[in-house]
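Along the sequence shown, residues carry numbers from 1. Given the structure is predicted, the values throughout are model-derived calculations rather than measurements.
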Amino acid sequence: MSAAKTTTGLLHSRLAAQHLTSVKAANPHAAVTRLLAVQAQDYNAALWAIGLRADAGSAAEVEAAISARRIVRTWPMRGTLHFVAAEDVRWLQALLAPRAQARDNARHEREYGLDAKVLKHSRQVLERVLRDGEPVPRPALYQALEAAGIATASSRGLHILYRLAHEGLICQGPRLGRQPSFVWLDAWLPPAASSPPSREEALSELARRYLLGHGPATAQDLAWWSGLTLRDSQAALRGSGAQAFESDGTPYWRSQEETGAATGAKDEVLLLPAFDEYLLGYKDRTPVLDAEHHRKVFTINGIIQPCVIVADRVAGIWPRSQSEAFEPTLFRGLRAPETRAMQAAAQRHAGFWSNPGPL
């Protein structure tokens, strides 16, 4: 089989795994559950990433799942904000957050003075503010910390919230106006129905779920995505019941639960948001993105641009801001059916933000 056909099959399978074909998730919670974690440092981009994969016609439907405590925005891995299904928050964070803590804690103490005494005091203050389970906007938390003598300027407050989230004490709640809110995790989400999984069980579940929502993928892809060591990723894949195979000399793993590689219409075009899992969910992006265009998508300042996907691969980028006119920068010319499909995708995106959602 040619390399082009092999890559096409790989990308078809990944599109299906990510619910980016005509077969969508039933709702936002199901979409997030399928992917296990959806990168979410750009809040609006993450809403569209979920809406694109779910049978959701509006941003309001995705935000309703947040308010209903079905999906949660927090820092489960790599020190990066993600949306995670409520039932996955605790075990995923227990498995993956320690790697980020080991990397960041010494720096936080050195650069922000976040030693054990400051963090203990911060925990006490925020528990008093949040223990009734009601969401509180971030500025109000900073005010409470300042009133207790804990400085929050120059990003210190954000790093305090980050540290307490990594400890599994707080997470984000629904947006309050334009501000993120925070909640006390144990007051916001019901306790786990069963005892926590062992580390071995958690590793196996991580690999199983990653492949179900991203596969086929390599051990290096899983290590990059999760923040685990390569050794742990390899052990996780071996224990997950996944199937190993080789393609063009590269060892891949696929889920035994893989639902198939069906795609949508032949000329379907996707408008993926910034930081989308279809690109960011893998260490190796060459199957989907030509090397000559890599820096246009993965910018030097750490932004991953919204992408136009045509025939499963990146064919251009488009504006991040909802206020900008839809004027994509294409890397190649499109055929007339592809152009029409791109315009239809742009209309769906506009409707996602203008539709008030279900009454």
Side-chain angles (χ1 to χ4, degrees), residues 37 39-43 66 69 71-84 86-176 179-192 195-199 202 206 226-229 232 302:
Q39 190 142 334
Q41 73 267 52
D42 184 321
Y43 182 77
I66 302 169
R69 313 182 189 197
I71 61 177
V72 173
R73 190 176 184 228
T74 191
W75 288 269
M77 59 196 195
R78 299 201 320 269
T80 303
L81 279 164
H82 287 75
F83 276 118
V84 182
E87 60 271 23
D88 291 323
V89 170
R90 288 184 175 90
W91 75 264
L92 195 61
Q93 203 158 42
L95 176 65
L96 300 179
R99 290 274 296 171
Q101 291 174 306
R103 180 194 66 201
D104 295 336
N105 288 5
R107 179 175 63 85
H108 289 164
E109 181 170 355
R110 183 177 65 252
E111 296 181 7
Y112 299 99
L114 299 184
D115 57 21
K117 183 178 179 181
V118 171
L119 289 170
K120 180 180 179 180
H121 193 190
S122 299
R123 292 184 199 103
Q124 293 168 341
V125 171
L126 293 186
E127 184 175 10
R128 285 196 298 269
V129 175
L130 296 172
R131 63 188 171 195
D132 64 356
E134 289 300 311
V136 176
R138 185 168 59 193
L141 297 183
Y142 290 172
Q143 290 171 9
L145 290 167
E146 291 280 353
I150 303 169
T152 62
S154 302
S155 299
R156 193 172 190 247
L158 179 60
H159 285 88
I160 290 171
L161 298 179
Y162 171 93
R163 288 289 295 274
L164 269 58
H166 273 81
E167 293 175 12
L169 297 177
I170 64 174
C171 64
Q172 289 196 9
R175 298 277 275 201
L176 298 176
Q179 285 291 335
S181 74
F182 285 80
V183 293
W184 197 253
L185 182 65
D186 283 346
W188 184 249
L189 299 182
S195 59
S198 67
R199 189 170 192 275
L206 174 80
S226 65
L228 290 171
T229 65
D232 276 344

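For the pair Leu164 and Leu119, the minimum side-chain heavy-atom distance is below 4.5 Å. With contacts defined as side-chain heavy-atom distances shorter than 4.5 Å, the pair Thr229/Arg99 qualifies. The shortest side-chain heavy-atom distance between Val89 and Cys171 does not fall under the 4.5 Å cut-off. The side-chain heavy atoms of Arg90 and Leu189, taken from C-beta on, include a pair separated by under 4.5 Å. In this structure, the side chains of Ile170 and Trp188 stay at 4.5 Å or more apart for every pair of heavy atoms. Side chains of Leu96 and Leu228 form a contact here, defined as non-hydrogen atoms less than 4.5 Å apart. Put simply, the side chain of Arg107 reaches to within 4.5 Å of the side chain of Asp104, judged on heavy atoms. When side chains are defined from C-beta on, Ile66 does not count as touching Arg73, because their heavy atoms never get closer than 4.5 Å.
Summarising the geometry of Val72 relative to Gln172, their closest heavy-atom pair is CG1-O, 4.1 Å, with the distance given to 0.1 Å. Nearest heavy atoms, Ala187 versus Asp132: CB-C, 4.5 Å. Of all non-hydrogen atoms in Ala148 and His121, the two that sit nearest each other are O-CE1, 3.0 Å. Looking at every heavy atom in both residues, Asp115 comes nearest to Val118 through OD1-N, 2.9 Å. The minimum heavy-atom distance between Gly113 and Arg156, with the atom names listed, is O-NH2, 3.3 Å. What you find for Pro135 and Ser181 is that their closest heavy atoms are CB-OG, 3.4 Å.
Gln39 contributes atom CD, which lies 4.5 Å from atom CZ of Arg78 (distance to the nearest 0.5 angstrom). In this structure, CD in Glu87 is found 11.0 Å from CD1 in Ile71, a value given to the nearest 0.5 Å. One distance of note links CG of Leu126 with CG of Leu145; it measures 4.5 Å at 0.5 Å rounding. Note: Ile160 CD1 to Leu141 CG = 10.5 Å, rounded to the nearest 0.5 Å. The CG atom of Asp186 sits 9.0 Å away from the CD atom of Glu127 when rounded to the nearest 0.5 Å. Here the OG-CD distance, from Ser155 to Glu111, works out to 10.5 Å after rounding to the nearest 0.5 Å.
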| request: Kindly determine whether Arg163 and Asn105 satisfy side chain to side chain contact (heavy atoms under 4.5 Å, CB included), including the steps that lead there. | output: CA-CA 8 Å; Arg163 288 289 295 274; Asn105 288 5; 3.2 Å; yes

| side chain to side chain contact (heavy atoms under 4.5 Å, CB included) between Leu158 and Arg138, worked out | CA-CA 9 Å; Leu158 179 60; Arg138 185 168 59 193; 4.1 Å; yes

| field | Chi angles and distances behind the side chain to side chain donor-acceptor pair (under 3.5 Å) call for Glu146, Thr152 | value | CA-CA 7 Å; Glu146 291 280 353; Thr152 62; 2.8 Å; yes

| field | Pair Val136-Gln143, side chain to side chain contact (heavy atoms under 4.5 Å, CB included): steps then yes or no | value | CA-CA 11 Å; Val136 176; Gln143 290 171 9; over 6 Å; no

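Taking the six-membered ring for Trp and thresholds of 30 and 60 degrees, Phe182 and Trp75 have nearly parallel ring planes, at less than 30 degrees apart. Taking the six-membered ring for Trp and thresholds of 30 and 60 degrees, Tyr162 and His166 have ring planes inclined between 30 and 60 degrees apart. Between Phe83 and Tyr43, the angle of the ring planes lies from 30° to 60°, which puts this pair in the tilted group.
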